[in-house]
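Worksheet: one structure, shown below.
Worth knowing before you read on, the calculation uses all heavy atoms, side chains too, and leaves out hydrogens, waters and symmetry mates.
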Amino acid sequence: MTDPLPWLILLPLLWATGAFLLGPARGARLALAGTAVQLWLAFALAAKVSSAGTALHHPVGGWGAPLGIDLAADGLAALLLILTQFVALPLFLYARAYFAGKSPAFWPLAGFLLAGMNALFLSADLFNLYVTLELVGLAAVGLVAMGGGAQQLAAALRYLFATLVGSGLYLLGVALIYGVFGTVSITALTPLVTADAPPAVWFAAGLMLAGLMAKTALFPFHYWLPPAHGGAPAPVSALLSALVVKASFYLILRLWLHPFAPLTQVAAWLPALLGGAAILWGSWQAIRAERLKELVAWSTVAQLGYLFLIFPLLGADRLALHAGGMQVVAHGLAKAAMFAAVGVLIQVTGRDAVADVAGVAARLPVTLFAFGLAGITLMGLPPSGGFLAKWMLIDAALLRGRWDMVVVILAGGLLAAVYVFRVLRQAFLLPSSGERRRVERRPVATLEWTAFALAAASVLVGLRGMEILRLLEAGT
Amino acid sequence: MTSGLIFACAGVVLFAMGTAGVVLLDHLLRRILAFNLMGSGAFLVLIGLAQRDGMPDPVPQAMVLTGIVVAVAATALALALARRLFALTGGYGLPQSEAKDGND
């Protein structure tokens, strides 16, 4: 195992297949062991990348680009690989306790999902990225449909069509790019794409970015996200909201920074405008949501908006890039924690409405504390990772005199406080007498403490900000 | 206009028709078929544009083969979900209870 790159893709494929053959009980143990090794591999890869200072390459099967397929890892890829395995490991512990051996489909699908995501972060050519996008999309749709109810199936189908249209647009873009330049390698394309490129290239770039924005659930394309993320079982919602939407965002950022940089200058305000709209609309819907999971899902729509604010601010000072990287990490940890905590609340009270959490403060202090800590990150209070991300974003906006963006960022933080405190306030109220008589299940300690660990990590990651920013600098 | 360009233009038209179908139609089977039309359009562009001096280029053909495998897998998944939904609800449309803009 000298080279971690291929093993990060092979290991989840292996344990996913193993979990399918062995059944959920032994499969879960296999998955946990595999993910722990992947986490270690991701850290080893990050150490290698930051000491080398450039991107690492791995020719698959000894056949490198241009004939074969090259895998590549730079600082940005290494950061997302660590985040993915770091969030997945506690979530799998959570899922094992949550499903208690009754979910034959979860472990294989989760393995294929992780394999697809790791392959996406490591791919170095546009077509390979298309295949990994589809792998991630199909595995995620399978996970959404896992519950098997009509509502969940409808959400899964809506999600499937959104993701298929998104990757279809991306594929057409790749076809046009190949037709013009005769290559799909990102490194080879970077010097070829210039501002006086033929119209087909502009069209292709627009198609690819629009398709990826649909997959990231940016504001007008967000309609599929709340039912899909809000309707799935809690561990699945956490995986999807924390990680899967970040995969397509990673790809947008990658394309924006490298091959399409000369083209995207003219339209950089567009994603920021949509991102701002997403922050306001998503937060407003989260404030109005009646079901807990819907509230958290709408909050994902809002928090994804912040990621798109960085595009007009990207520049030589790299402040906006750092803010984006930090927001990806902080939101990934916080949203996983929030869905995990909400999963415990729903399991214990047996209901999904915000109004029904009344009185849980006394019975589920750890879970509620986890929810609150994750809320701190979403609101952007110090010392959380969310604070650092928003601070750098405001800094970058002020440097360019974009007061309008500062207003949106601060308003988003306030609105986040409103929907987080809506749940917390309800939790401290006394339940009505009828509620108190209802028999409730005792919370499972593993569920509570994994949610808490993720939430604590989302706050503490702010203290390790320098390491994360240094890793982002390596070869990006 | 070379034959390759004609194929590519036909591909773009097919793709646009397919996309409109996936977005606008109600019947699930029609939407799945429209998705396949969309994929075929993209493949036609890929094959049509990539001809260097009248010689076919083998790389996009390999890509299209991979793309077909992906499209078949996606179609199978969509059909399985649609069948299960039909068994549960008796209809081939998506239930509208959760409104698209979230105002349910």
(message) With a 3.5 Å distance limit and no angle check, can you tell me whether A:R291 reaches the backbone of A:D352 through a side-chain donor-acceptor pair?
(response) no

(message) Counting heavy-atom pairs under 4.5 Å with chain A, which one of B:V12, B:V69, B:L77, B:V64 comes out on top?
(response) B:L77

(message) Using heavy-atom distances under 4.5 Å, tell me whether A:I177 contacts chain B through its side chain, its backbone, both, or neither.
(response) neither

Run the side-chain donor-acceptor check on residues 160-173 of chain A: report pairs under 3.5 Å with partners two or more places apart or on a different chain.
unit_1, atom_1, unit_2, atom_2, d
A:T163, OG1, A:K215, NZ, 2.6
A:S167, OG, A:E134, OE1, 3.2
A:S167, OG, A:E134, OE2, 3.3
A:S167, OG, A:T163, O, 2.8
A:Y170, OH, A:L126, O, 3.0

(message) Side chains of A:Y178 and B:D57: any donor to acceptor distance under 3.5 Å?
(response) yes

Under 3.5 Å donor-acceptor pairs involving side-chain atoms of residues 34-48 of chain B, not counting sequence neighbours:
unit_1, atom_1, unit_2, atom_2, d
B:N36, OD1, B:T75, OG1, 3.4
B:N36, ND2, B:I32, O, 3.0
B:N36, ND2, B:T75, OG1, 3.2
B:S40, OG, B:N36, O, 2.8

(message) Sub-4.5 Å heavy-atom contacts with chain B: which residues of residues 135-150 of chain A show up?
(response) A:L138, A:V141, A:A145, A:G148, A:G149, A:A150

(message) Tell me every residue that passes ring pair (Phe, Tyr, Trp, His ring centres under 6.0 Å) with A:F203, counting only those two or more places apart in sequence or in another chain.
(response) none

(request) Output yes when a side-chain donor or acceptor of A:R422 lies under 3.5 Å from a complementary backbone atom of A:I287, and no otherwise. (result) yes

(request) Just do the side chain to side chain donor-acceptor pair (under 3.5 Å) check on A:S241 and A:H229 with the steps written out, would you? (result) CA-CA 7 Å; A:S241 244; A:H229 289 192; 2.9 Å; yes

